[in-house]
Number of protein chains: 2
Amino acid sequence: MRYLTTLKYIDVVAKEGSIRKAADRLAITSTALNRRILAIEDEIGHPLFERTPAGVRLNTAGELFVQHIRSQMSDVNRVLSQISDLSGIRRGHVRISSGPQTISAFLPREIARYREKHPGVTFQVLRKNSQSAVESLVSHETDTAIIFESLLPSDIQIVSSVSQIVQIIMSPEHPLASKKTLRLQDCLGWPILMPSENEGIRTLLNVGQVQQATPLQTIIEADSFDMMANYLIFENALGFQIPISIKGQYGIYSHLKAIPLDHRDCKPGLLHIAQLKGRVLPVAAAKFQDQLVQRFNEAFPEDTI
Amino acid sequence: MRYLTTLKYIDVVAKEGSIRKAADRLAITSTALNRRILAIEDEIGHPLFERTPAGVRLNTAGELFVQHIRSQMSDVNRVLSQISDLSGIRRGHVRISSGPQTISAFLPREIARYREKHPGVTFQVLRKNSQSAVESLVSHETDTAIIFESLLPSDIQIVSSVSQIVQIIMSPEHPLASKKTLRLQDCLGWPILMPSENEGIRTLLNVGQVQQATPLQTIIEADSFDMMANYLIFENALGFQIPISIKGQYGIYSHLKAIPLDHRDCKPGLLHIAQLKGRVLPVAAAKFQDQLVQRFNEAFPEDTI
DNA sequence: TAAATGCGGTGCAATTTTTGCATCGCAAAA
DNA sequence: TTTTGCGATGCAAAAATTGCACCGCATTTA
């Protein structure tokens, strides 16, 4: 869209923090870019950037304006995809950010299912922790997000939530594999694979752990649940996971045993589908989000909110 | 804003229904305008207008795009007013549509009160019935609306509501003026000033009237409550009004007597403050809306929802 | 039935806007 | 102190927008 070029330019400058770098990326001269920015600042009657020796940085007005720009651009895309929807088969692009719990096992199946019906739709999947997932929604980088156990700011709208208990995963040959449920005490003797501090599961586990006299023996701390799941093939250790990551038992989780952690040690957490409040999603993204919500309902009928 | 000119042009063409007329209004040549439109249609890859011998008309894609344009433009204005808010005193512009019940007595006082605190803020007040008030919100013509007793579509957000009984107004010398409450039967012998069919009060009265054997003697049907109120000076007739129009008793209503209509004949109606769902209002409009909501609460503490 | 009116679209030249090059002044880093 | 990298600016080239004259077409009018 031609009339959006200046806006796009400003966005890039804001991201690069330098007019020259941005000009380089945009394949134009820094002169031209500089003058476009001066022109629009003049028009607004207020500077958007603070000039520093090292480059430029958004000031308050700039922050406001860039936020507006991003919402404009994603809204244009929505309208354009709606328009091209009018003439012909459904095409579109869905941008989703997801925590490590759902990105590996849950999402691939859902995307495949969606693309069976709408082969023209493409996807962009970003692996994000809770906080950066929220940021990606606010900056219009993604349309929808799956976020586990996090307090969400007021400009985020929760579309659906499902309650997820924490499970302990291990090799089927593990001595504990035959139990129906486990308590944290049972894990004391075993090597532990612990999710990173900024993962939702860790938050839940931390609550339980403070009541323990002796701490768990964490041998690996990682933010990749796949890595930890694969590690269980080689050492008789214990990892943590939520049901949605394992449900259906395919891929790397098919050779693992999952046992619920007793609710006295660890409360269930909430897995949210969320979007930016007040935003109208592109057709494809909205439809995919609907599918995810429906999937939550089907897979965990008792626990969906 | 220069980068919005093309969008503005399209909006005007859509409103005028003719490129030449729009060009005239925009003080440019029809050629230039025509080519801008052709260019953007080419860019979108889909026509926005249907060409007829008499001019042009939006097609479906055009409707989508124009809606987008309007939301963009009002959002730009919001951001710009926010930015100019950063440097200096509060300025701004509030656009409000209001039914005849509130526009005459309630709004003037509220606007004056607001301007005492923020003399820089200007107002645009449009007198609208329920349906056109909703339309003005959807088309971003106004920021907020006061709507009486109407079902609102789902893209309108009700910010606050207050319950309003219907009162009968008359000259203080009227024989009925001493009563505490009135029933519709009491009005049978008297000439009646009846609000127009598309007013909320009329809807409420219609419900009561169907139970009556003999109809009311309507001598004037009008959509102006002021006109009807003034008429009561000259003839001993009866009119209808809701408390918010009279509260405070100043202006033309100060010489009138208002008596509640019995609830068996006429249920209370709801007076809504509403805005377009998902829209972020400009600072000034948001503040003024807040004031209105607070006013509802103060004036009718029992009946505000 | 034929002329007239009013519509959107187009070729071409004039005009305005945007861009790129060379260069300046400035401040932080080396 | 020199060097480096930044944004800003004067000026000419390039690109875009605009206005004029005119076309084809459908409806309205005489």
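Keep in mind that the numbers below use all heavy atoms, side chains included, and drop hydrogens, waters and symmetry copies. Chain letters run A, B, ... following the sequence lines, proteins first and then strands; every chain starts at 1.
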Using the side-chain heavy atoms of A:L38, tell me which of these nucleotides is nearest: C:dT19, C:dG9, D:dA8. D:dA8

In whole angstrom, give the distance that lies between atom CD of A:E50 and atom P of D:dC6. 17 Å

From CD of A:E43 across to C1' of C:dT17 the rounded distance in Å is 13 Å

Closer than 4.0 Å, any side-chain N/O of A:R36 to the OP1 or OP2 of C:dT17? no

Once hydrogens and angles are ignored, does a donor-acceptor distance under 3.5 Å link the base of D:dG19 to the side chain of B:R35? yes

Please report, rounded to the nearest Å, how far the P atom of C:dG6 is from the CG atom of B:D24. 13 Å

Taking side chain as C-beta onward, heavy atoms only, is A:H93 less than 4.5 Å from A:P282? no

Counting just side-chain N and O atoms, does A:R2 come under 4.0 Å of either OP1 or OP2 of D:dT17? yes

D:dT9 C1' sits how many Å from A:L33 CG, rounded? 15 Å

B:Y3 OH to C:dT17 C1', in whole Å, measures 19 Å

Between A:A32 and B:S18, name the one whose nearest nucleotide on DNA chain C is closer to the 5' end. B:S18

Side-chain donor-acceptor pair under 3.5 Å between B:R70 and B:S139, yes or no? no

Rounded to whole Å, how long is the line connecting atom CZ of A:F49 with atom P of D:dC6? 15 Å

Is there a donor N/O on one and an acceptor N/O on the other, under 3.5 Å, for the side chain of B:R57 and the base of C:dG8? no

Distance check, rounded to the nearest 0.5 Å: A:L33 atom CG versus A:I28 atom CD1? 4.5 Å

Record whether the side chain of A:R20 comes under 3.5 Å of the base of D:dG7 through a donor-acceptor pair of N or O atoms. yes

A:N34 has an atom CG; how far is it from atom C1' of C:dA22, in whole Å? 15 Å

Whole-Å gap separating C1' (C:dG8) and CD (B:E41): 11 Å

Sidechain N-carboxylate O distance under 4.0 Å for A:R78, A:D143: no

Starting at the 5' end of DNA chain D, which residue's closest nucleotide do you reach first, A:A54 or B:T31? A:A54

For the residue pair A:N206 / A:T203, report whether a side-chain donor-acceptor contact shorter than 3.5 Å exists. no

Closest approach to the side chain of B:T29, judged atom by atom: which nucleotide of C:dA22, D:dG19, D:dG7 is it? D:dG19

Base, sugar-phosphate or nothing for B:R51? Non-hydrogen atoms, less than 4.0 Å. sugar-phosphate

